[in-house]
Structure formats: structure tokens, C-alpha cells
Amino acid sequence: MRRLGGVAGAVVALVLTACTGAGAGTGAGAGASGPSARPSGAAGSGARVAPPPRIPSAARLPGTAHSPGFASDGSGFVLLADCVEDAKVPENGLCRQHVAVLDRGAESWVLRKSPLPEVRGTDGISANLLVLGPGRALIEEWSADAKPTTWFTRDGGSTWRKGDPRTVGTTPEIPAGAVLTTGCTQPAGAQGDDCAREGLVVVSPQDGRRRFLARGPLLGPHPRPAAAAEPDGSWWVSGTDPVTGRAAVAVSRDAGRSWTPIRLPSPTTDPGWHTAVVVGPDAVYAAEMGELKGGEPVKNPLRALHRSLDGGRTWERMWTTGTTLEPRTLQGLPVPGPGGRVVISAERGEYVSTDGGRSFRPTGEGTRFTRRSPIGLLRQGTTCVYGISVDGVRWAEFSLACEDETP
């Protein structure tokens, strides 16, 4: 038998008012810890930047890391799957599940017991971890032979309580530490293509239960919320404008009690997929995703990049994707920085703009996936190396589960 990062059939899932000033500018162009996180990147314009938080590395954690997440106090969780494979007798393969926890102020990650079962090589299991505040996390588990299950901890992974993944009841607001997602409202309980209409769902940091948000924005039948709040406390949801059918977003600045819908200056009347919104040091960016016309077909197609200089009240389209000019795709979120800097991580590499997204040039870096966390932007490349940034310029890198990798 030989050790691999995965096993066939055993998978751990890795797996957001009318507009004025809407210009249409087109782009022109418990293992032993490793070293502490190191900052990478520097501001090229001499602008003052905030230091990124420092996360310790844990290169010798067993298996492969999935779903790392952090709370606002810097504590964190990560799922681990340690798999072996028998090429001659696949059913002899297995995956052991682990959870590693970084306690607040700790110098190293520690292994804590995972509630997920050990699975054989021919079985299937998918799981996702949501951090719900300091010491609190929820594991969502799916398998081929059993109903979906959740596991909730409020003591840093020392104990886990089995729960019910169904969405029950409502809540008037999004509490601190909560995660925002969606659930099917018509017909109730349906999933995937069977769901005709979805509503916003709050995953509670108090008990890990899912509850519908009492009031959500009117953004079509399938709104897509950002899972976490932006640094200014705003929550963003994307969808379609009920009047024009074009891409639109909505923002809440009172923890989901009320929403302000905003039309985007989309280059097309087609609704597209979704819009990823991110708040930067001096601008808000909205990346409109959806199928492109002309050119080579791509995954994760980026239709347009919009920018707001007044907190999202008005928007200008800065970049319209063409048939050949890059970037034509986006992995996760745009990475905004000061002074009109914004970085797009595309399938073929990374591109940077210093004029708010009107033009881009390649940076020479590989593609990386970026998402929002309570301590900053969290990015991951193709290896076990991650990075945290609060300003989109300076990054603190750390590695997790790199036993078979060179971080």
C-alpha cells in the first residue's frame, strides 16, 4: 500500500436602488509545526499597509488539508484526510479523518478527534467545515449510504455534538460569527435543480443550526450570499434585478435586518451566474461571472469587473471581458489593494491592475483561489501553502499538511 493525498471513491469536499454613474469602460489590454508565517509581497507605491496576521505553519499534519477557516480572534480549524490506496484491492484502501485546531494565541496547531468516520477506499464521503466564531465550528457530512449529518463544537473541537442539517425556523439578524448561505423554500427541502426558489439561511454560532433569515433582498429565485461579512461589517448578496433581469447585488449594513438592492452596469441582459463582491481599502469591487460570447471556452468565466468609490451606492464598469484579452476568468474573489490596485487570479495566471481595473498586466504568479475570512483575505495555490492579507498587498504565508510537499 502507498500513501496518497486521496483515495478513489473517498472525497473530502474543498470545496456572495438604481445605479448612477454607470460607465461602460472596456479593458484594454498535532504534527510538529513548521516555521511561523512569513510576509510576502510589498506595496510598490510606498503606501502605508497594515501588517497581516501571523498564522503558524503545521507542515507535518497528517494527510491533506481541506476547508481551513479562522475566527476573528485568529483561532482556526482545518479538516484533514489521511488516505492510503491499494491499487490491486481498492476496497482495502482507507481514509482516516482528523481535525486540527489553532487555539487563540497558540504557537502551534494541535490534532483533536474528528467526528467523521474512517472510510474504506470504495466508500464515499464528502465533508465541509464552517468556522462559527472563536472555538466554534460545524462539520457538514454527506455520504452515499446515509442521510446528511452535522457535527457542532463550541469548545475548540474537544467535543462534537451530532446535529440536524435541516433548516428550521427564522432569525431576524446575522449574529457575529455566523455563516450566511441558502436553503430551498419552494418546494421546501428540495436540493439542486429541484429547488425552484431559495432563501437566505443563517448558520448559527450558538448551536450550529440553520435558520432562514427573516428578511432578504429581492434578487430573483436563486440569490447567492457571501459567506462572511466584509471588513466594514457589510453583508453582500448577488442575484438578478427583478425589473431588468440583469446582474444585481444587495448590501446590508445592519446584520441582515434590511437590504439595499443595487443594479450593476452589466454588459449584457443575460443574468449570468453570480457576482462576487469584495471591499478593499479605498473601493468596492464586484466581479460579474457568467458565460462569455466568443473566444475559447473557459471555466469560471469573468464577464465584467465593476468598481464603486462610494461604498456600493454607485458603480462603474471598469473591465469588460473580450474574446482574447486576459483576464477572462476568476478564481474566488478579486484582491483589492490601495490606490486603484486590484489583482485577478485567472486560470492561466495572475493579473494586476493599478488603475482600478481598466487595464491589466500579468504578474508572473500562478493561479490562486481567494476567499474572505474574519481575519482577512485567505488564499491558496496548488500546494499546501496559504496566505492571509488584510490589505491585498502584504501576505503572511503559512503551510498545512505538507508531508509529501515542499512548501
Side-chain angles (χ1 to χ4, degrees), residues 16 67 69-73 75 77 128-142 147-156 159-192 195-239 242 248-262 274-277 279 312 371-375:
L16 74 267
S67 304
F70 298 92
S72 58
D73 65 349
S75 60
F77 291 80
N128 184 50
L129 186 146
L130 305 175
V131 176
L132 299 173
R136 298 169 183 258
L138 184 77
I139 295 176
E140 302 171 314
E141 174 193 355
W142 306 268
K147 294 181 179 180
T149 303
T150 62
W151 301 91
F152 176 69
T153 182
R154 63 173 64 212
D155 55 11
T159 60
W160 296 88
R161 187 178 72 231
K162 189 175 182 179
D164 188 340
R166 293 178 300 175
T167 303
V168 180
T170 62
T171 180
E173 62 181 4
I174 310 167
V179 167
L180 193 60
T181 182
T182 59
C184 192
T185 59
Q186 296 179 6
Q191 296 181 358
C195 181
R197 181 171 292 275
E198 296 174 283
L200 299 185
V201 169
V202 175
V203 185
S204 170
Q206 299 303 316
D207 55 13
R209 294 300 305 270
R210 296 166 57 97
R211 296 175 178 87
F212 283 108
L213 186 64
R215 178 176 295 181
L218 297 177
L219 287 176
H222 300 288
R224 177 160 173 171
E230 288 297 301
D232 62 356
S234 60
W235 288 88
W236 293 83
V237 179
S238 74
V249 296
V251 61
S252 175
R253 303 188 187 279
D254 56 7
R257 298 180 189 90
S258 64
W259 296 87
T260 301
I262 309 157
H274 68 277
T275 301
V277 179
V279 176
R371 58 187 173 92
R372 174 66 70 188
S373 82
I375 60 171

Please name the pair of heavy atoms, one in [X] and one in [Y], separated by the smallest distance, quoted to 0.1 Å.
X	Y	value
P374	S72	CB-N, 3.8 Å
T167	V201	CG2-CG2, 3.9 Å
G256	L213	O-CD2, 3.8 Å
A71	P134	CB-N, 3.4 Å
L129	F77	CD2-CB, 3.6 Å
L200	P217	CD1-CD, 3.7 Å

Going from [atom1] on [X] to [atom2] on [Y], what distance comes out if it is rounded to the nearest 0.5 angstrom?
X	Y	atom1	atom2	result
Q186	E198	CD	CD	11.0 Å
T149	I139	OG1	CD1	11.5 Å
R209	T171	CZ	OG1	13.0 Å
W160	T150	CH2	OG1	10.5 Å

Discussion item. Once salt bridge (Lys or Arg N to Asp or Glu O under 4.0 Å) is applied, what residue pairs with a partner in residues 166-189 remain, sequence neighbours excluded?
Written reply: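 For residues 166-189, and leaving out neighbouring residues, the salt bridge (Lys or Arg N to Asp or Glu O under 4.0 Å) pairs sorted by first residue read D164-R166, E173-R257.
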Item to complete: For the pair R210 and V203, evaluate side chain to side chain contact (heavy atoms under 4.5 Å, CB included) and give the outcome as yes or no after the intermediate values.
Response: CA-CA 5 Å; R210 296 166 57 97; V203 185; 4.2 Å; yes
Counting N and O atoms only, with roles assigned by atom type, does the side chain of [X] sit under 3.5 Å from a partner on the main chain of [Y], one being a donor and the other an acceptor?
X	Y	value
S252	S258	yes
T185	G183	no
R154	D207	no
R136	P205	yes

Are [X] and [Y] side-chain neighbours, meaning at least one heavy-atom pair lies under 4.5 Å?
X	Y	value
S238	L219	no
P175	V202	yes
R211	S204	yes

Discussion item. Set out, in order, the CA-CA distance, both residues' side-chain angles and the distance that settles side chain to side chain contact (heavy atoms under 4.5 Å, CB included) for L218 and W259, then state yes or no.
Written reply: CA-CA 9 Å; L218 297 177; W259 296 87; over 6 Å; no
Practice prompt. Under the side-chain contact (heavy atoms from CB on, under 4.5 Å) rule, collect the residues that match up with D155, sequence neighbours excluded.
Written response: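 Expected list: T153, S158, T159.
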Worksheet item: Going through the checks in order, is the side-chain hydrogen bond (donor to acceptor under 3.5 Å, both in side chains) test met by E230 and W236?
Response: CA-CA 8 Å; E230 288 297 301; W236 293 83; 5.9 Å; no
